[in-house]
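What follows is a single structure, written as structure tokens, with notes after it.
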Number of protein chains: 2
Amino acid sequence: MESMARPIVHDDALRQRLLDVTAQLVDREGPEKVTLRDIAAAGGTSTSAIYSLFGGKSQLLTAVVNYGFRSFHASQEIAGKEGLKATGWAYRKWALEHDALYRLMFGGAMDAYAEGRSAGGPDGGGLADGGQTIDAMAPLIGAVTAAQAEGVIGPYNVMLIATAFWAQVHGLVSLELARGASMPIDWDALYDATLDAGIRAWAPRP
Amino acid sequence: MESMARPIVHDDALRQRLLDVTAQLVDREGPEKVTLRDIAAAGGTSTSAIYSLFGGKSQLLTAVVNYGFRSFHASQEIAGKEGLKATGWAYRKWALEHDALYRLMFGGAMDAYAEGRSAGGPDGGGLADGGQTIDAMAPLIGAVTAAQAEGVIGPYNVMLIATAFWAQVHGLVSLELARGASMPIDWDALYDATLDAGIRAWAPRP
DNA sequence: ATTGTTTCATAACATTGTTCTATAACTGCG
DNA sequence: CGCAGTTATAGAACAATGTTATGAAACAAT
């Protein structure tokens, strides 16, 4: 209250810049390989900024994951209106385009960093958890419900079907990401056939 | 040829002990958290042993992954004879019992270490790759073929069906491992329903 | 015993996440 | 206008960890 002091440089703009830079570096090199010093240099600041804005590497990565979830969710939202298969294809597209980030979000690699929860800033607080996964599933749940209304999907439990679909797609994508290049498989065709099979499996019984 | 020297202590017995110890530690703490010094201490030796026997942390983890694949493969082999659903349940059982190791094998986390291929010792050489995944799928492929013979599964491409099944199960398991506790889902029931749906999807068409 | 050779535990090194500290940048007042 | 007060930040110091280098230990041959 007495007197104001040195003006703030570690502001929201820098925070956003660091998020962008980190997302890029993580996508390029993976979360382990990227160092705080690199991130700081790329953002034109010092490692202190990461500590004052996020709290540490763990929280920075958490914030990046949250950032990723928003992008992924938006992508699913759009595709969700175009039906079940479109949602599946959009899922794969996003995952292949965000390789390392996808693994960080869904691969459980985040657990390696989980321990010190941040106080909960406007955005970065709280560890990425199932809540976000369920959030991200909302468009898929919507698509399943719509398909039921159209009679394409039978009257099974919606959450169960959605999770089954999600797991199917996630499994294919993570298999493709992890071992795709070294497996003699036509992933496009497999993906297509699998989506159809998934729908077939939950079609109304005659 | 001139003269023999100090007797070898870094032998195959120690190698095996280090493999066991590392597998345990990795399963308990994950591959990032476990340190070479801890491993060496737990094995009653020094970090040098890891370098002379494996080449480094990367190759040690690769060897552990290979070790894991053998165990997993054996488990699948047994279950494969009992049918498709049994294979799926055995898959899940093994994965839940080997949490971190499973992620190391199938989660793509190994890529973080991939760079220096070892010369290829009797066992640890070569990075774990798609070959092992396909190997591990063999029992599943057998089960699918058997199910086709019984008329439970239709005349679709076997590899395609097997991969679809594998992805389905892998997706469920990794979702459960990563977010299971924080999602309000009855995983047992979901697993059961999903296995049935998978079989239904590829049933012979009328 | 001495020498030579090989093996291995330990010490030194480089990198990286994190914490500490001293300086920089500003305000308000004399 | 300068000086004290205050806060933010860059950079130094610290701790941990994978890796490499070094020198001592253990044995055979002479």
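Lettering follows sequence order; numbering is per chain, from 1.
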Round to a whole Å and report the spacing from [atom1] of [X] to [atom2] of [N].
{"X": "A:Glu29", "N": "C:dT16", "atom1": "CD", "atom2": "P", "value": "11 Å"}
{"X": "A:Tyr51", "N": "D:dA12", "atom1": "OH", "atom2": "P", "value": "17 Å"}
{"X": "B:Leu60", "N": "D:dT19", "atom1": "CG", "atom2": "P", "value": "10 Å"}
{"X": "B:Asp11", "N": "C:dC8", "atom1": "CG", "atom2": "P", "value": "8 Å"}
{"X": "A:Ile50", "N": "D:dA10", "atom1": "CD1", "atom2": "P", "value": "11 Å"}
{"X": "B:Lys57", "N": "C:dT15", "atom1": "NZ", "atom2": "P", "value": "18 Å"}
{"X": "A:Ile8", "N": "D:dA10", "atom1": "CD1", "atom2": "C1'", "value": "16 Å"}
{"X": "B:Leu53", "N": "C:dC8", "atom1": "CG", "atom2": "P", "value": "8 Å"}

For this session: Return yes if some donor-acceptor pair links the side-chain N/O of B:Gln168 with the main-chain N/O of A:Ala164 below 3.5 Å, else return no.
Result: yes
Counting N and O atoms only, with roles assigned by atom type, does the side chain of B:Tyr191 sit under 3.5 Å from a partner on the main chain of B:Gly88, one being a donor and the other an acceptor?
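Side chain of B:Tyr191 to backbone of B:Gly88, a donor-acceptor pair under 3.5 Å: yes, one is there.
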>> Taking atom types as they are modelled, would you say the side chain of B:Ser48 forms a donor-acceptor pair with the base of C:dT7 within the 3.5 Å cutoff?
In response: no
For C:dT7, does the base pair up with any side-chain atom of B:Arg6 as donor and acceptor (N or O, under 3.5 Å, distance only)?
yes
State whether [X] places a side-chain N or O below 4.0 Å from either non-bridging phosphate oxygen (OP1 or OP2) of [N].
{"X": "A:His10", "N": "D:dT9", "answer": "yes"}
{"X": "A:Ser46", "N": "D:dA10", "answer": "yes"}
{"X": "A:Thr45", "N": "D:dA10", "answer": "yes"}

### Query
Between B:Arg37 and B:Thr47, does a side chain to side chain contact (heavy atoms under 4.5 Å, CB included) hold up when you go through it step by step?
CA-CA 6 Å; B:Arg37 286 168 174 83; B:Thr47 59; 4.0 Å; yes
> Which residue lies toward the 5' end of DNA chain D, B:Val34 or A:Val9, if each is placed at its nearest nucleotide?
Replying inline: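 This one resolves to A:Val9.
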| Non-neighbouring partners of A:Ser46 that pass side-chain contact (heavy atoms from CB on, under 4.5 Å), sequence neighbours left out |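 A:Ser46 satisfies side-chain contact (heavy atoms from CB on, under 4.5 Å) with A:Ser48 once adjacent residues are dropped.
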Problem set entry | NZ or CZ of B:Arg200 within 45° of A:Trp202 ring axis and under 6.0 Å |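 B:Arg200 over A:Trp202 ring: yes.
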Sorted by number, residues from residues 35-43 of chain A placing a heavy atom under 4.0 Å from DNA chain C are A:Thr35, A:Leu36, A:Arg37
Next item on the list: Please assess B:Asp20 against B:Arg17 for the test side chain to side chain contact (heavy atoms under 4.5 Å, CB included), listing each intermediate value before the final yes or no.
Entry: CA-CA 5 Å; B:Asp20 288 336; B:Arg17 188 153 23 112; 5.7 Å; no
Taking the six-membered ring for Trp, are the ring centroids of B:Phe69 and B:Phe106 within less than 6.0 Å of each other? yes
